[in-house]
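Handing you a structure now.
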Amino acid sequence: MKKIGLGICCALALSVSGMANADEHGVKSEKQAKTAIQFRKAVFQLIRSNMGPLGAMAKGNIPYDPLVMEKNGVRMEQLGLMIEDYFVPDTTAFAVPSDAEDSIWTNKADFLAKSNDFIAAAKNLQEVAAAKDEANYRKAIGGVGATCKACHDDYKKD
Ligand code: ASC
């Protein structure tokens, strides 16, 4: 009897504290912090995965391919749009390993401005690719990388 009661209680607690809720700031448990950090890392790993071939292309290690540039640019724009939502949960109260500096949550406007720069650079990449503007492809890829670096310099632990 007691066990059933507890089960219902926990199910309710989980449903009202879901991290998908944008009104929720600050996670309530280490378990939630771990999940939030796992999701954040997934977003950045996928951005990294999409930047990999573009970095190689900019260096001339693989051939110029505007279709890959455009496809990966679309993906990075979408991933960039996720950054704001996935950083809503403030995980700083829990000591879960993360490369994110706590200052992200005290400088949210600047952090989001930097993520917007990344989104804009990913859109520009798509435009340069769609125009088959080969003369500017390295610049467009480098422009994305520069927005990654600008944010890492301030908000990624090294
Ligand atoms: C990449 C990658 C980053 C950025 C950064 C730019 O390809 O994985 O983190 O570009 O190195 O300076």
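Numbering starts at 1 and runs along the sequence shown. As the structure lists them, so they are numbered: ligands from 1, and atoms in each ligand from 1. The figures here come from the full heavy-atom set of this structure, side chains too, leaving out hydrogens, waters and symmetry mates.
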Who's the nearest protein heavy-atom neighbour of atom 7 (O) of ligand 1, and how far?
Met51 CB, 3.6 Å

Tell me, do Ile37 and Lys34 make a side-chain contact under 4.5 Å, heavy atoms counted?
no

How far is atom 8 (O) of ligand 1 from the closest protein heavy atom, and which atom is that?
Arg48 CG, 3.7 Å

Near Cys148 (heavy-atom distance under 4.0 Å), the atoms of ligand 1 are 4 (C)

Main chain of Thr147, side chain of Asp117: is a donor-acceptor contact present, judged purely on distance under 3.5 Å?
no

What protein heavy atom lies closest to atom 6 (C) of ligand 1? Include the residue and the distance to one decimal.
Gly145 O, 3.2 Å

Do you see a donor-acceptor pair shorter than 3.5 Å between the side chains of Asp110 and Tyr155?
yes

For Arg75 and Gln78, which I'm curious about, is there any donor-acceptor pair between the side chains at under 3.5 Å?
no

Determine, counting only non-hydrogen atoms of the protein, whether one lies under 4.0 angstrom from atom 2 (C) of ligand 1.
no

Provide, to 0.1 Å, the distance between atom 9 (O) of ligand 1 and the closest protein heavy atom, together with that atom's residue and name.
His152 CE1, 3.1 Å

With distance as the sole test, does Lys157 use its side chain to make a donor-acceptor pair with the main-chain N or O of Ser98 at under 3.5 Å?
yes

Atom 11 (O) of ligand 1: any protein heavy atom closer than 4.0 Å
no

When the ring planes of Tyr137 and Tyr64 are compared, do they come out parallel, tilted or perpendicular, using 30° and 60° as the limits?
tilted

